[in-house]
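First the structure, in the form of structure tokens, and then the observations on it.
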Amino acid sequence: MCKENCVRTRFAPSPTGFMHVGNLRTALYACLLAHSSKGKFVLRIEDTDQARYVDGAVDVIYATLKAANLIHDEGPDVGGDYGPYIQSERKALYKEYALELVKKGGAYYCFCEKSEEETEGAGNADPADDPCRAIAPEEAEKLAASGKSYVIRQKIDRTGVTTFSDSVFGDITIENKVLDDQILLKSDGMPTYNFANVIDDHLMAITHVVRGSEYLSSTPKYNLLYQAFGWDIPTYVHLPLIMGRNADGEVAKLSKRHGSVSFENLIADGYLAEAIVNYIALLGWSSKSDREIFSFSELEELFSLSGLNKSPAVFDYDKLKWMNAEYIRQLSVEDFASRAKSYAKIEGTPLEENWLKLASLLQQRTELLTEIPEKIAFLLEQPEYTIDMFNNKKSKCTPETAKDILLEMREKFAAMESADAEKITALLTACAEARGVKLGQPMWAVRIALSGTPVTPGGPGEIMELLGMPESMRRIDNALAKL
RNA sequence: GUCUCCAUCGUCUAGAGGCCUAGGACACCGGGUUUUCAUCCCGGCAACACGGGUUCGAAUCCCGUUGGAGAUGCCA
């Protein structure tokens with residue numbers, strides 16, 4: 001059991017309805033960091049933006065974490081000693097702290113209208129110009145009590161510098177004059193992300209704040225808040241951004257225009273959850289060995305802050321695909337079959353009862369589960385084909401030889417009680433030997449007759465097993481009619 | 001605009017002054033095995049952004065330049 005000095009990390013997504021892989025990676029590292037030292041991994045829902053509320057979004061978060069094997073020790077669904085873990089349920093808390101900060105002189109009421117200008121070149125407004133800063137606290141309180149709409153802003157002393165240390169990026173110093181009096185409490189009474197984060201991370205005893213590097217430049221504001229409250233500053237672990245490549249070759253923060261960027265989209269694209277997790281683990285972190293395939297427990301064991309990288313990483317779908325293929329090949333046939341079944345779209349077709357056999361043929365040649373339907377389409381319905389397809393240079397097959405072979409094999413097959421891949425292959429081998437040709441020739445002729453496709457998972461024997469004797473004979477007769 | 005960060009093959013990365021004529025992986029290109037395809041095996045292409053220092057010695061340290069990214073919301 002982890003007592004006082006244990007590592008506590010948190011994952012604090014806002015319920016948007018989908019899980020961006022960048023967020024998932026943040027969650028992964030936070031989880032690995034905690035669990036690699038017997039610490040606690042906390043899930044907190046950041047739903048302070050009511051305008052963005054999406055129904056069922058929290059369930060997506062639970063489902064994704066579960067599918068990705070990121071088990072949280074505390075959270076809305078599993079409880080814990082630091083709840084509630086949903087920010088909207090902590091609303092009153094933030095106001096208390098905001099008011100406390102006002103009392104301490106670290107914040108002030110602001111009655112200004114929402115600013116809608118803020119064009120380019122802005123962002124440099126001197127907060128000291130904010131007239132509300134000058135309003136006497138008693139006066140401000142009175143105004144607020146009278147029902148006038150207000151926000152509470154952080155009062156930042158614009159002199160001097162703030163330096164902080166990040167475990168990935170090292171020491172960073174920022175001049176306080178570039179910091180603005182950010183809003184802490186919105187006019188609807190909800191805290192802003194920045195404020196709620198500080199309050200909750202402190203209250204939930206978070207020791208390591210793991211987040212994307214886009215927060216690097218606002219970190220001084222966080223620290224000023226911690227200081228104003230007299231709280232300890234957590235250890236920061238800022239992560240390099242995950243980028244995507246634009247059509248014009250430029251890179252930018254990975255977003256929808258780059259392709260599938262959410263966990264659920266990637267799953268829908270035919271990637272395995274384990275492959276996705278393994279791949280994103282390597283986007284910004286290295287084990288410093290030549291290995292790239294890691295099971296989840298190996299990641300938990302090997303993960304360390306020192307392997308974290310500073311520079312942004314471009315998401316490479318090709319490499320993910322390769323890794324996915326590696327994971328697919330590692331699966332047992334049964335596991336592969338059950339995971340691939342829904343992608344294969346074979347419910348209610350004759351293939352359903354032979355699915356395990358078909359799956360065993362598919363497993364070694366599938367990179368994405370979504371490729372399966374097109375690979376097996378010919379089994380359900382033979383595509384149109386011309387006799388030209390019987391031509392094959394390598395095996396020296398021509399429509400003429402194919403006809404000859406099919407005529408011969410048709411009789412042999414007809415004598416069989418049922419389709420048996422081994423026997424069929426033996427028959428074809430004998431045929432090739434008798435003719436003094438390579439096995440490839442009769443194989444080709446029969447494959448085309450059965451499938452009308454040059455590339456098939458498995459050979460003629462397997463195809464006949466899958467098709468069954470009657471359909472196989474029908475297709476061969478069909479071919480013979482063409483020839 | 002301002003601030004901050006980053007900078008090794010096309011991409012992900014190893015490299016923490018000599019072990020580097022820079023290693024691995026993906027992708028790509030050849031070749032081999034194989035009943036097609038795929039797998040598998042072998043081989044190839046391909047990088048220290050640039051310029052100054054420091055040092056006997058720099059991909060590694062320092063400075064500058066250039067390039068890229070992020071931030072600059074009553075979004076998170």
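A, B, ... follow the sequence lines: proteins, then strands. Residue 1 opens every chain.
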(request) Give the nucleotide from the list B:A76, B:U11, B:C40 with an atom nearest to the side chain of A:R329. (result) B:C40
(request) Remember a base hit wins even if backbone is also touched, and classify A:V446 as base, sugar-phosphate or nothing at under 4.0 Å, heavy atoms. (result) nothing
(request) Kindly state each residue pair satisfying salt bridge (Lys or Arg N to Asp or Glu O under 4.0 Å) with at least one member in residues 305-322 of chain A, sequence neighbours excluded. (result) A:E292-A:K319
(request) Would you mind telling me which of B:G70, B:U11, B:A76 lies closest to the side-chain atoms of A:A252? (result) B:G70
(message) Going by the rule side chain to side chain contact (heavy atoms under 4.5 Å, CB included), which residues pair with A:K256 if we only count those two or more places apart in sequence or in a different chain?
(response) A:F18, A:V261
(request) Report yes or no: is the cationic atom of A:K482 (NZ for Lys, CZ for Arg) under 6.0 Å from the centre of the six-membered ring of A:F390, at an angle within 45° of the ring normal? (result) no
(message) For B:G10, give the paired nucleotide (Watson-Crick: N1-N3 plus N6-O4 or O6-N4; G-U: N1-O2 and O6-N3; both under 3.5 Å), or none.
(response) B:C26
(request) Rounded off to whole Å, could you give me the NZ-to-P distance for the A:K319 and B:C28 pair? (result) 13 Å
(message) Taking side-chain hydrogen bond (donor to acceptor under 3.5 Å, both in side chains) as the cut-off, I'd like each qualifying pair that reaches into residues 279-288 of chain A, sequence neighbours left out, listed once.
(response) A:S287-A:S289
(message) Categorize A:S187 for me: base, sugar-phosphate, or nothing, with a 4.0 angstrom heavy-atom threshold over every strand shown.
(response) base
(message) From C-beta outward on A:V314, which listed nucleotide comes closest to its side chain: B:G15, B:G23, B:C12?
(response) B:C12
(message) Rounded to whole Å, please give me the gap between CD in A:E250 and P in B:U11.
(response) 12 Å
(message) Can you say whether a donor on the side chain of A:K288 sits under 3.5 Å from an acceptor on the base of B:A14, or the other way round?
(response) no
(request) Could you state the atom-to-atom distance from CG of A:D180 to C1' of B:U72 in whole Å? (result) 7 Å
(message) Closer than 3.5 angstrom, by distance alone: can the side chain of A:N246 be matched with the main-chain N or O of A:D248 as a donor-acceptor pair?
(response) no
(request) Please work out which residues in residues 451-464 of chain A have a non-hydrogen atom less than 4.0 Å from an atom of RNA chain B and list them by number. (result) A:P454, A:V455, A:T456, A:G458, A:G459, A:P460
(message) I want to verify a distance call: between B:A69, B:U36, B:C26, whose nearest atom is closest to the A:D316 side chain?
(response) B:C26
Distances for protein N/O vs nucleotides 3-9 of chain B N/O pairs under 3.5 angstrom?
| residue | atom | partner | partner atom | Å |
| --- | --- | --- | --- | --- |
| B:C6 | OP1 | A:K310 | NZ | 3.4 |

(message) Between A:D290 and A:S149, which residue's closest nucleotide on RNA chain B lies nearer the 5′ terminus?
(response) A:D290
(request) State which of B:G70, B:U34, B:C12 makes the closest approach to the side chain of A:L241. (result) B:G70
What side-chain donor-acceptor pairs closer than 3.5 Å can you find for residues 421-428 of chain A, not counting sequence neighbours?
| residue | atom | partner | partner atom | Å |
| --- | --- | --- | --- | --- |
| A:T425 | OG1 | A:A421 | O | 2.9 |

(message) Does A:Y215 reach a base, just sugar-phosphate, or nothing at all? Heavy atoms under 4.0 Å.
(response) base
(message) Work out how far the C1' atom of B:G1 is from that of B:U8, and round it to whole angstrom.
(response) 33 Å
(message) Roughly how many Å apart are B:U35 and B:G24, using the C1' atom of each and rounding to a whole number?
(response) 35 Å
(request) Classify the angle between the aromatic ring planes of A:H72 and A:F41 as parallel (below 30°), tilted (30 to 60°) or perpendicular (above 60°). (result) perpendicular
(message) What I want to find out is whether A:D180 reaches A:K221 closely enough, with some N-O distance under 4.0 Å, to be called a salt bridge.
(response) yes
(request) Identify, with sequence neighbours excluded, every residue that meets salt bridge (charged side-chain N to carboxylate O under 4.0 Å, His left out) alongside A:D335. (result) A:R339
(request) Determine the contact category for A:C397: base if any of its heavy atoms lies under 4.0 Å from a base atom, sugar-phosphate if only primed atoms, P, OP1 or OP2 are that close, otherwise nothing. (result) nothing
(request) Using the salt bridge (Lys or Arg N to Asp or Glu O under 4.0 Å) rule, collect all pairs that involve residues 425-450 of chain A, keeping only residues at least two apart or in two chains. (result) A:D404-A:R435, A:E408-A:R435
Extract all donor-acceptor atom pairs below 3.5 Å that involve side chains of residues 374-382 of chain A and protein atoms in other chains or at least two apart in sequence.
| residue | atom | partner | partner atom | Å |
| --- | --- | --- | --- | --- |
| A:K375 | NZ | A:R365 | O | 3.2 |
| A:Q382 | NE2 | A:A449 | O | 2.8 |
| A:Q382 | NE2 | A:L450 | O | 3.4 |

(request) Would you mind pulling out the nucleotide paired to B:C48, Watson-Crick or G-U wobble, both distances under 3.5 Å? (result) none
(message) Whether the side chain of A:Y317 and the base of B:A27 hold a donor-acceptor pair under 3.5 Å is what I'd like checked.
(response) no
(request) Provide the distance between the two C1' atoms, one in B:C48 and one in B:C56, to the nearest whole Å. (result) 22 Å
(message) Checking A:S260 now: which residues fulfil side chain to side chain contact (heavy atoms under 4.5 Å, CB included) with it, not counting sequence neighbours?
(response) A:N265, A:L266, A:D269
(message) In whole Å, I'd like the distance from the CH2 atom of A:W322 to the P atom of B:G24.
(response) 14 Å
(message) Counting the atoms with a prime plus P, OP1 and OP2 as sugar-phosphate, which does A:R291 contact under 4.0 Å by heavy atoms, base, sugar-phosphate, or nothing?
(response) nothing
(request) Tell me which nucleotide among B:A14, B:U36, B:C40 gets nearest to the side chain of A:S286. (result) B:A14
(message) Measuring only the C1' atom in each nucleotide, how far is B:G53 from B:G57? A whole number of Å is fine.
(response) 15 Å
(request) Answer yes or no: does a side-chain N or O of A:K186 lie under 4.0 Å from OP1 or OP2 of B:A76? (result) yes
(message) Using atom C1' in both nucleotides, what's the gap between B:C9 and B:C28 to the nearest angstrom?
(response) 12 Å
(request) Provide the Watson-Crick or G-U wobble partner of B:U60, both distances under 3.5 Å; none if there is no partner. (result) none
(message) Once rounded to the nearest 0.5 Å, what's the spacing between atom CG of A:L272 and atom CD of A:E326?
(response) 12.0 Å
(request) Pick the C1' atom in B:A47 and in B:A7, then give their distance to the nearest Å. (result) 12 Å
(message) In whole Å, I'd like the distance from the CG atom of A:D318 to the P atom of B:G10.
(response) 16 Å
(message) Looking at A:T48, I'd like to know whether one of its side-chain N or O atoms comes within less than 4.0 Å of OP1 or OP2 on B:A76.
(response) yes
(message) Over all strands shown, is A:I183 touching base, sugar-phosphate only, or nothing at heavy-atom distances under 4.0 angstrom?
(response) base
(message) Between C1' on B:U13 and CZ on A:R25, what's the gap in Å once rounded to a whole number?
(response) 14 Å
(message) Can you work out whether A:K253 or A:D47 has the more 5'-proximal nearest nucleotide on RNA chain B?
(response) A:K253
(request) Figure out the CZ/P separation between A:F294 and B:U13, and round it to whole Å. (result) 13 Å
(request) For RNA chain B, find the residues of residues 359-375 of chain A with a heavy-atom distance under 4.0 Å and give them by number; none if there aren't any. (result) A:Q364, A:R365
(request) For A:Q87 and B:C75, give me the distance from atom CD to atom C1', rounded to whole Å. (result) 13 Å
(request) Determine the contact category for A:E292: base if any of its heavy atoms lies under 4.0 Å from a base atom, sugar-phosphate if only primed atoms, P, OP1 or OP2 are that close, otherwise nothing. (result) base
(request) Hunt down the Watson-Crick or G-U wobble partner of B:C37, both distances under 3.5 Å, from any strand shown, or write none. (result) none
(request) Please name all residues satisfying side-chain hydrogen bond (donor to acceptor under 3.5 Å, both in side chains) with A:T163, sequence neighbours left out, ordered by chain then number. (result) A:T173
(request) Report yes if the distance between the aromatic ring centroids of A:Y193 and A:Y215 is under 6.0 Å, otherwise no. (result) yes
(message) Counting the atoms with a prime plus P, OP1 and OP2 as sugar-phosphate, which does A:M190 contact under 4.0 Å by heavy atoms, base, sugar-phosphate, or nothing?
(response) nothing
